[in-house]
Amino acid sequence: MQSCAINAPACSTLRTNCFFTTISIPGATAFLLHEVVEDAGRHGLQYLSDADFSRRYLAGYTEEVRATLQRFPESEFMARDQYQDFIDGNGFRRTLLCHEGIFLDRKVDLDFITAFYLLSTASPRRPDACLTDDSEMEFENQDGSRITVTNPLLKAAHLCLGRAWPRALSFTELLDGARTLLEGRQTGDDRRILTEALYILACSGEVSFLKSRPFLVKEVTDCPQASLLARRQALTGPLVTNLLHQTVQLEDDRTRHFLQLLDGSRTIEQITAEMTETFGPTVQVKQMDDAGQPTAPLLLSTRQSVDRSLATVGKLGLLVA
């Protein structure tokens, strides 16, 4: 009873664009970004940006590509994004529009990140690495990307974010949590160091930021409840949406059935009894080694399996607060 494959968070946006095609709608028409923006302009709207904040960050491109995109002046921001779509091969974008009378200042202040709740799936490759010195500590995100950190405060902050996932932390909670892991060690530069680091991480997409805290829990309650949307989606297929607007793939029919039992009306004992009645008293769990190769399966009692699955469901952002 396990799940994997989490996709990037979505926003409330108008979905448009560059080579936009929806296979499920016969006769769907493709549009370029500038065509969508021109049409929006006839309805009193103007282009703000792509909803993916990290697309503004050009450090991941080659020097030649960066130089080309940086030539576009502020007044041609939409044209720059159109060219970026061509470079990325971005065929399905998320476009933000606003009323045409609003003055747009796209310059983002460094400390904007302190006003948001922060999310990261980072987990240490070596949990026993030293936090308090300047030795390297490597973290890996759920998408497989890795980052190496040496500053003690930033190592502690990454640990705090990873342990909190899928809960989001305010900037102050994160700073206080990092200092706690360092046993109260702090300097007058801590706030600046963390602000600068989080700004870069947000720009590169390594850290997500939200205006309000997600309505979810990580801890399991006496009568756990999964989101109604996820339970309904699980009735017809393995892909469900979690409370962070991400897609989660459920492993098998057993997991999909398990999710249906998390409706808030059953205790963990009742859930265990129903799973035992339907699937038997023991469960074989697939195991993989560090190289991703299958190993001997793990044999668990149904109660052990339920406890394990509840922890996984909580980690995947499916439990309602």
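Note: hydrogens, waters and symmetry copies are ignored here, and every other heavy atom, side chains too, is used. Since this is a predicted model, take the numbers as computed values, not measurements.
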Kindly determine whether T132 and L182 satisfy side-chain contact (heavy atoms from CB on, under 4.5 Å), including the steps that lead there.
CA-CA 7 Å; T132 56; L182 297 175; 4.3 Å; yes

Validation row: [X], [Y] side chains within 4.5 angstrom (heavy atoms):
X	Y	result
V217	R167	no
I113	T195	yes
R55	D81	no
V65	I87	yes
D85	R93	yes
L250	F258	no
L119	V207	no
Y47	L96	no

Just wondering, are more than 12 heavy atoms of other shown residues or ligands nearer than 6.0 Å to [atom1] in [X]?
X	atom1	result
D222	CG	no
R146	CZ	yes
E38	CD	yes
H99	NE2	no
E74	CD	yes

N/O donor-acceptor pair under 3.5 Å between [X] side chain and [Y] backbone:
X	Y	answer
E35	L32	yes
T302	T276	no
Q82	H34	yes
S305	S301	no
T121	Q142	yes
K155	S135	yes
N242	L244	yes
Q284	P297	no

side-chain contact (heavy atoms from CB on, under 4.5 Å) partners for [X], two or more places apart:
X	value
P294	M288
A122	S120, F139, N141, H158
A273	none
A230	S227, V240, L259, L318

Heavy-atom pair of closest approach, residues [X] and [Y]:
X	Y	value
T267	C223	CG2-SG, 3.9 Å
Q46	I102	NE2-O, 2.7 Å
R56	R106	NH2-O, 2.5 Å
E138	T148	CG-OG1, 4.1 Å
A178	A156	O-CB, 3.5 Å
Q233	T241	OE1-N, 2.6 Å

Residues [X], [Y]: salt bridge by 4.0 Å N-O rule:
X	Y	answer
R303	D307	yes
E196	R192	yes
R254	D252	no

Roughly how far apart are [X] [atom1] and [Y] [atom2], rounded to 0.5 Å?
X	Y	atom1	atom2	answer
T180	Q186	OG1	CD	9.5 Å
E76	R71	CD	CZ	13.0 Å
M275	S309	CE	OG	7.0 Å

Please identify each residue that fulfils salt bridge (charged side-chain N to carboxylate O under 4.0 Å, His left out) with D111, with sequence neighbours left out.
none

For D190, which residues count as a side chain to side chain donor-acceptor pair (under 3.5 Å) partner, sequence neighbours excluded?
R179, T187

Residues that, via side-chain heavy atoms closer than 4.5 angstrom, fall in one hydrophobic cluster with L299:
none

Connected-component partners of F103 among ILVMFWY, side-chain separation under 4.5 Å:
none

Hphob cluster co-occupancy, [X] + [Y], side-chain heavy atoms under 4.5 angstrom:
X	Y	result
L243	L118	no
F53	L69	no
W165	M137	no
F112	L169	yes
Y57	L48	no

Residues forming a ring-ring contact (aromatic ring centres under 6.0 Å, His included) with F171, sequence neighbours excluded:
none

ring-ring contact (aromatic ring centres under 6.0 Å, His included) involving Y83 - partner list, sequence neighbours excluded:
F72

Please step through side-chain contact (heavy atoms from CB on, under 4.5 Å) for the pair L262 and I271, ending with a clear verdict.
CA-CA 8 Å; L262 307 184; I271 293 169; 3.5 Å; yes

Step by step, would you call D109 with Y199 a side-chain hydrogen bond (donor to acceptor under 3.5 Å, both in side chains)?
CA-CA 9 Å; D109 292 329; Y199 176 84; over 6 Å; no

Is there a salt bridge (Lys or Arg N to Asp or Glu O under 4.0 Å) between D128 and R126 once you walk through the steps?
CA-CA 5 Å; D128 60 342; R126 286 184 50 223; 3.6 Å; yes

Please determine whether side-chain contact (heavy atoms from CB on, under 4.5 Å) holds for the pair Q84 and L58, giving the CA-CA distance in whole Å, both sets of side-chain angles, and the decisive distance to 0.1 Å.
CA-CA 10 Å; Q84 191 176 1; L58 304 182; 4.2 Å; yes

Apply side-chain contact (heavy atoms from CB on, under 4.5 Å) to residues R308 and L300 and explain how you reach the verdict.
CA-CA 10 Å; R308 183 182 175 119; L300 300 175; 3.8 Å; yes

Salt bridge (Lys or Arg N to Asp or Glu O under 4.0 Å): which pairs involve residues 202-218, sequence neighbours left out?
E173-R213

Any ring-ring contact (aromatic ring centres under 6.0 Å, His included) involving residues 260-296? Give me the pairs, sequence neighbours left out, ordered by first then second residue.
H257-F279

